[in-house]
Amino acid sequence: MRGESVFPQLEQLLPLVSKPIQYVGGELGATVKEWDSATVRWALMYPDAYEVGLPNQGVQILYEVLNEREGVLAERTYAVWPDLEKLMRANGVPQFTVDSHRAVGDFDLLGVSFATELGYTNLLTALDLAGIALMARERGDDDPIVVAGGHAAFNPEPIADFIDAAVLGDGEEAVLEITDIVAAFRKEGSPGGREELLLRLARTESVYVPRFYDVDYLPDGRIQRVVPNRAGVPFRVHKRTTMDLDAWPYPKKPLVPLAETVHERYAVEIFRGCTRGCRFCQAGMITRPVRERSITTVGEMVKQGLEFSGFQEVGLLSLSSADHSEIGDICKGLADQYDGTNVSLSLPSTRVDAFNIDLAQELSRNGRRTGLTFAPEGGSERIRRVINKMVSEEDLIRTVVTAYTNGWRQVKLYFMCGLPTETDDDVLQIARLAHEVIKSGREATGSREVRCTVSIGGFVPKPHTPFQWAPMERPEVIDARLKLLKQAINADRSLGKAIGLRYHDGEPSLIEGLLARGDRRVGAVILEVWRQGGRFDGWSEHFSYRRWVDACAATGVDLDWYTTREREEAEVLPWDHLDSGLDKEWLWKDWQDALTEYEQDDCRWTPCFDCGVCPSMDTHIQIGPTGRKLLPLTVVST
Amino acid sequence: MSKRQPPGGQAPVVQRVRIRYAKRGPLRFTSHRDFARALERAIHRANLPIAYSQGFTPHPKISFSSAAPTGVASEAEYLELGLRVAMEPEKLREALDAALSPGLDVVEVVETNTTDSLAERLTASHWRIELPGVSPDALNAAVKAFLERTEILVERLTKQGRRTFDTRAAVVNLAPAAGPTGLTGSPCAILDLVVRQVTPSVRPDDVLSGLRVAADLEPTAPARVTRLAQGTLTPQGEIVDPLALDRPR
Ligand code: B12
Ligand code: SF4
């Protein structure tokens with residue numbers, strides 16, 4: 001029977017696996033509905049382990065938005081670890097939801113949230129365990145419609161064969177519209193089957209259905225064109241933007257897990273979008289324009305979220321939290337309200353200026369000054385101009401020293417390696433900066449206790465950014481540069497001892513690069529890697545570079561061509577038919593500006609620079625100040 | 001939100017309560033660590049006036065007296081809370097129960113003024129073990145073989161490494177119980193077990209290992225275990241409710 005619980009079978013396996021609680025559900029805030037009470041049923045998946053996936057805001061929001069609707073049911077499913085996967089295969093237990101332990105194959109839709117491309121192999125495991133054909137074309141009328149969402153869905157071409165549809169951008173309204181289309185279609189008796197339903201979705205112009213587009217290639221392998229192969233299917237599919245975040249104050253009932261997860265806190269997005277224009281940042285480009293949640297809504301959400309959940313920590317999320325027009329009042333207001341309680345507040349801001357320290361000081365009023373993070377991203381002023389991260393060396397050092405003199409002893413500095421036009425010298429400047437920071441810190445504090453950690457990530461060029469044309473650096477070059485950097489940091493023993501260096505090898509980034517800018521031909525690689533046992537590719541202990549390289553060879557895909565090759569202006573990019581609102585000409589101009597080390601301002605504070613998003617998406621910047629303040633809470637002091 | 005730190009340090013404990021709680025159904029897979037975290041959150045959610053320890057990182061006054069193994073259900077787990085404002089026990093029970101996930105259930109709350117520790121009163125446990133795919137005859141024979149021995153050595157991986165110890169001596173009572181089918185409806189035998197608290201502790205799975213050693217008893221699927229009671233063992237082999245001494249008479 002559809003919708004029946006598979007828990008009795010699963011229960012037999014749970015004593016045999018590690019951390020069984022992650023498969024049991026039972027979270028506070030979870031919704032369990034009768035199968036028959038709903039006409040449209042969604043399974044929502046975060047394609048990583050429960051401990052990473054449960055806190056995901058995107059899934060929690062969509063879960064709540066859908067379940068609030070009468071006649072709609074949404075449950076969640078996560079990637080199962082290999083130990084359980086093996087047992088499920090041996091015992092015929094299908095991929096299940098954690099809410100009611102229903103088989104994922106029984107649902108009408110399977111929505112998968114991709115924050116990162118490294119979740120693609122886990123999608124295949126879930127489909128296979130669910131008994132859903134891996135190839136979308138082989139699916140029948142009774143199989144779920146597999147919909148991808150999240151940032152990686154802005155170029156879903158590498159998984160085009162495995163998904164039925166993709167949604168670009170914000171999901172709140174999109175999932176409700178899809179629900180309505182499915183409900184109406186079912187009510188009519190599902191005329192024309194799966195194909196017709198997909199056609200109806202595609203005609204909205206905001207749901208991408210890969211099978212309705214043909215991709216033609218040039219003899220040299222580049223794409224010639226991507227064109228619809230059905231009448232009524234749009235040439236371009238547009239991203240969704242949820243305007244007025246005050247009208248969508250989710251999550252209201254945050255999920256509180258029994259199992260331990262990466263974040264045990266109530267997170268509230270204080271705004272969406274970012275217009276700082278860092279050229280490497282896909283998130284910043286594709287979530288424009290900036291839409292702030294007002295100070296009063298933020299205060300209300302924090303109050304209710306904490307009361308509901310019993311969490312002791314609040315995270316004020318966004319892409320650049322210190323940029324909220326009323327961030328000072330938000331931090332001060334919340335710090336006042338929760339003064340003297342066990343509630344701690346965190347602001348994941350990496351802005352490099354003194355203001356950021358003021359905020360951090362406010363938030364750590366009655367706690368310890370553990371660590372503070374800044375992200376200059378580039379080691380030299382030259383490379384910072386290339387990536388449009390406008391921080392002068394002077395500012396950086398002054399900011400870090402201010403942090404030290406205000407009681408912080410440990411500061412973390414984020415950088416990237418492998419950026420366009422980067423030379424050894426740009427990376428070596430990181431060592432000089434770090435030395436300078438420690439030296440000035442020791443002087444200012446008179447203490448030798450000050451420390452900094454230099455954390456380095458590999459740069460991966462992403463679609464819909466000015467760097468979408470950029471060549472990636474080879475892993476050997478990156479590894480060699482990092483080695484030089486390490487030597488340079490330790491060249492001064494005394495300073496080197498106060499500096500920690502953390503970095504990743506270049507190899508995983510190269511694969512991420514393949515998946516980020518890949519086209520439909522890369523799907524064969526993903527499938528091959530999965531067949532060879534590829535799972536949990538975001539986890540270094542599970543990731544195998546060899547497996548990806550071998551799979552490329554086996555499928556005839558040239559890894560270098562996709563990653564280290566520089567694209568030309570005229571080249572048709574695999575995602576050109578997917579509209580993030582950004583004007584391709586503007587992106588190209590910004591890429592050229594990058595190469596000439598020319599900076600671009602922030603349109604939040606300075607006039608619009610015509611990136612194209614607002615006019616093409618019919619959106620606009622929504623920011624304060626509202627001038628309102630958070631009132632003291634009436635504390636129920638028992 | 002409950003105020004944590006009145007000026008001048010932490011408020012003193014004015015009332016101690018002892019709590020019996022149950023771990024039921026799917027939530028029996030909650031580990032002790034998971035439960036401890038969930039409890040702390042539930043306390044905040046229910047806005048209970050929990051007292052905190054002194055010091056730089058104050059901890060809520062919670063002390064656990066027992067922890068059924070992960071995957072084992074229980075009707076009788078115990079803990080004690082220190083409160084900075086006195087509360088009516090039944091009110092506290094309701095509030096805490098409502099704040100915990102269904103399946104983690106607060107069964108009873110009593111105020112205590114006694115000074116002996118709750119843990120000292122827990123000298124034995126009563127378990128019920130469902131054994132899928134085991135026939136009543138096989139079970140009877142295995143129990144007989146087990147009880148006839150004076151010592152049965154088994155191995156278990158403990159935090160200190162692999163250990164070999166006796167499972168027989170700690171067993172006070174082992175008997176097949178009535179009830180032909182388990183919760184899943186498939187045929188299964190049921191065992192009734194009373195074990196004395198010893199070190200290293202003998203757990204139901206050790207007794208199952210003992211049955212394997214003594215009589216080759218092998219269930220077809222993992223056994224399903226429930227702790228029915230815990231308390232002080234009398235010389236007659238009965239288990240006395242550990243909260244009996246605290247309960248108002
Ligand atoms: C908190 C956070 C984390 C946390 C928690 C992750 C989690 N489980 O959610 C931790 C620390 C674990 C983490 C890890 C990583 N993160 Co992170 N993270 C964030 C952060 C700060 C907030 C994410 C968030 O909650 N956003 C708000 C929610 C509501 O947005 P959303 O998830 O995109 O969902 C909306 C839409 O996308 C859409 N949608 C989403 N899913 C679906 C599904 C369907 C079917 C539909 C229709 C719609 C839809 O609807 C939602 C509501 O509108 C963002 C930055 C930011 N502010 O966005 C970075 C960010 C998402 N992370 C990023 C990265 C790179 C990572 C890592 C890969 C880092 C690394 N190298 O290890 C890992 C990957 C972890 C993993 N395996 O998934 C990048 C992604 C880059 C990009 N492509 O844009 C971001 C954008 C940061 C950045 N500026 O670069 N991250
Ligand atoms: S269109 Fe103009 S105002 Fe809107 S995000 Fe782009 S640059 Fe900013």
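Chain naming here is simple, since letters A, B, ... match the order of the sequence lines and numbering starts at 1 in each.
Neither the backbone nor the side chain of B:A223 comes within contact range of chain A, judged by heavy atoms closer than 4.5 Å. Contact of B:I43 with chain A is not made at all, since no heavy-atom distance falls under 4.5 Å.
Side-chain contact check for B:R45 versus A:E307: every heavy-atom pair is 4.5 Å or farther apart. Residues A:N342 and B:Y52 are in side-chain contact: their nearest non-hydrogen atoms beyond the backbone lie under 4.5 Å apart.
For the residue pair B:R37 and A:E260, the shortest heavy atom distance occurs at NH2-N, 2.9 Å.
Annotation for B:R33: atom CZ does not count as buried by contact number, only 12 or fewer foreign heavy atoms lying within 6.0 Å.
Note that the CG atom of B:D34 and the CG atom of A:L258 stand 6.5 Å from one another [nearest 0.5 Å].
At a heavy-atom cut-off of under 4.5 Å, chain A is reached by B:P26, B:L27, B:R28 from residues 16-28 of chain B, listed in order of number. Along residues 20-35 of chain A, the residues that come nearer than 4.5 angstrom to chain B, judged on non-hydrogen atoms, are A:P20, A:I21, A:V24, A:G25, A:G26, A:E27, A:L28 in order of number.
For residues 213-223 of chain B, every residue pair satisfying the side chain to side chain donor-acceptor pair (under 3.5 Å) rule, not counting sequence neighbours, is listed here: B:R212-B:E218.
Checked against salt bridge (charged side-chain N to carboxylate O under 4.0 Å, His left out), B:R41 has the following partners two or more places apart in sequence or in another chain: A:E264.
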